[in-house]
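Because the structure is a prediction, the values reported are computed rather than measured.
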Amino acid sequence: MTDTSLTDATGLPHYVYAEAVAHCDGGPGSAYEPDEWYAYRGDTGVLCAMFYYRRTKPMTVEDYAGIERTLTPVVDGQVWPHGLALSWDEVEGWTYSPLEDEHSTVGEYWDPLPVPRLASPAALRALLPRLFSGHEDDLPASAEEWAEPAVETLAQRLAAADADRHGTGPQQTGGDRG
């Protein structure tokens, strides 16, 4: 990650996209809301977002009003003992990796998800139950892309970055995974 504070992330071109994905199941507190997520600019300038899903067993949390509630597990703890991380970056799109410990250390390998680089939040939501239950070889593929007003600005940014990587500007290597 860069020195830029995560609190400055709301000004990044992909923040609204990351937020829409994080709330793809209806908003804060929904079943498939990640336990933690953030949007950032990686060390090489690549736009990135991380989504951590650690609920492999019931978890008691305190909401913004100070009220405790118990969240049901969404990730099969026998398949993914510490949970999963989903990652998005402007170069490689959507990938996932198992968490190796309770401190959110991600695995060495990232597998691609069968969705476009700017997949709609609904397309990602559709594959989460199968992925979280360990059916990673049978994930529903989708070509559905995000269709919000902010997508045009982000799509232009991605097209410009692609052009730069393919010879008209400074070369960058792959994304920065957290």
Side-chain angles (χ1 to χ4, degrees), residues 1-44 46-113 115 117-134 136 139 146 150 154 175-178:
M1 243 187 289
T2 62
D3 293 335
T4 303
S5 166
L6 292 178
T7 59
D8 296 336
T10 56
L12 292 172
H14 65 302
Y15 179 84
V16 172
Y17 179 53
E19 183 176 47
V21 169
H23 299 151
C24 70
D25 196 31
S30 60
Y32 288 96
E33 179 184 20
D35 298 303
E36 178 182 1
W37 70 274
Y38 52 91
Y40 63 100
R41 186 180 303 275
D43 293 333
T44 62
V46 172
L47 300 176
C48 305
M50 290 292 296
F51 304 82
Y52 293 96
Y53 297 88
R54 299 184 198 90
R55 280 181 282 147
T56 59
K57 56 188 173 201
M59 178 187 297
T60 301
V61 296
E62 191 173 294
D63 67 16
Y64 297 110
I67 299 170
E68 282 192 357
R69 62 188 177 114
T70 300
L71 303 174
T72 59
V74 293
V75 178
D76 185 332
Q78 292 188 0
V79 179
W80 314 107
H82 300 291
L84 283 169
L86 299 186
S87 176
W88 176 87
D89 75 43
E90 66 180 303
V91 177
E92 297 183 30
W94 286 98
T95 58
Y96 70 96
S97 181
L99 296 175
E100 293 183 341
D101 58 37
E102 64 275 4
H103 304 292
S104 299
T105 304
V106 293
E108 192 172 317
Y109 301 102
W110 291 87
D111 290 314
L113 291 171
V115 294
R117 182 167 51 170
L118 280 177
S120 74
L124 289 159
R125 169 58 183 89
L127 63 77
L128 291 180
R130 298 222 29 97
L131 178 62
F132 290 171
S133 64
E136 56 190 311
L139 297 175
W146 192 44
L154 184 53
D176 293 314
R177 306 272 181 214

Q) Leu131 and Leu113: which non-hydrogen atoms are nearest, and at how many Å? A) CD2-CD2, 4.1 Å
Q. Ser97 side chain to Tyr109 main-chain N or O, any donor-acceptor pair under 3.5 Å?
A. yes
Q) Quick one: CZ on Arg55 to OH on Tyr32, what's the gap to the nearest 0.5 Å? A) 9.5 Å
Q | Any residue meeting side-chain contact (heavy atoms from CB on, under 4.5 Å) with Thr72, in chain and number order, not counting sequence neighbours | A | none
Q: List the atom of Gly83, the atom of Val75, and the distance in Å for their closest heavy-atom pair.
A: CA-CG1, 4.0 Å
Q) Roughly how far apart are Tyr96 OH and Leu86 CG, rounded to 0.5 Å? A) 10.0 Å
Q.
Give me the atom names and distance for the closest heavy-atom approach of Pro112 to Thr95.
A. CA-CG2, 3.9 Å
Q | Trace of the side chain to side chain contact (heavy atoms under 4.5 Å, CB included) decision for Trp80 with Glu136 | A | CA-CA 11 Å; Trp80 314 107; Glu136 56 190 311; 3.3 Å; yes
Q | For Trp110 against Ala85, the heavy-atom pair lying closest together | A | CZ3-O, 3.7 Å
Q: Start with the C-alpha gap between Trp37 and Tyr15, add the side-chain angles, then the distance that decides, and say whether ring pair (Phe, Tyr, Trp, His ring centres under 6.0 Å) holds.
A: CA-CA 11 Å; Trp37 70 274; Tyr15 179 84; 5.5 Å; yes
Q: Any salt bridge (charged side-chain N to carboxylate O under 4.0 Å, His left out) involving residues 119-133? Give me the pairs, sequence neighbours left out, ordered by first then second residue.
A: Asp25-Arg125, Arg130-Asp138
**Q.** Heavy-atom pair of closest approach, residues Asp89 and Cys48
**A.** CB-SG, 3.9 Å
(Q) Are the side chains of Pro34 and Tyr52 in contact, using a 4.5 Å heavy-atom criterion? (A) no
Q | Derivation of the side chain to side chain contact (heavy atoms under 4.5 Å, CB included) call for Tyr40 and Val46 | A | CA-CA 9 Å; Tyr40 63 100; Val46 172; over 6 Å; no
Q) Once you round to the nearest 0.5 Å, how far does CZ of Phe132 lie from CG of Leu84? A) 6.0 Å
Q) Got a sec, which pairs hit salt bridge (charged side-chain N to carboxylate O under 4.0 Å, His left out) with one end in residues 73-85, sequence neighbours left out? A) none
Q) Quick one: CG on Leu47 to NE2 on His14, what's the gap to the nearest 0.5 Å? A) 5.0 Å
Q) What pairs with Phe51 under ring pair (Phe, Tyr, Trp, His ring centres under 6.0 Å), at least two apart in sequence or on another chain? A) Trp94
Q) What pairs with Ala126 under side-chain contact (heavy atoms from CB on, under 4.5 Å), at least two apart in sequence or on another chain? A) none
Q | Listed partners of Glu36 passing side chain to side chain donor-acceptor pair (under 3.5 Å), at least two apart | A | Arg54
Q | Glu100 to Glu108 - nearest heavy-atom pair and separation | A | OE2-N, 3.9 Å
Q.
Within the structure provided, determine whether Val106 and Met50 are in side-chain contact (heavy-atom separation under 4.5 Å).
A. yes
Q) Is there a donor-acceptor pair under 3.5 Å between the side chain of Tyr17 and the backbone N or O of Pro121? A) no
Q. Under 4.5 Å between any side-chain heavy atoms of Cys24 and Leu124, yes or no?
A. no
Q | Arg117 side chain near Trp88 side chain, heavy-atom distance below 4.5 Å | A | yes
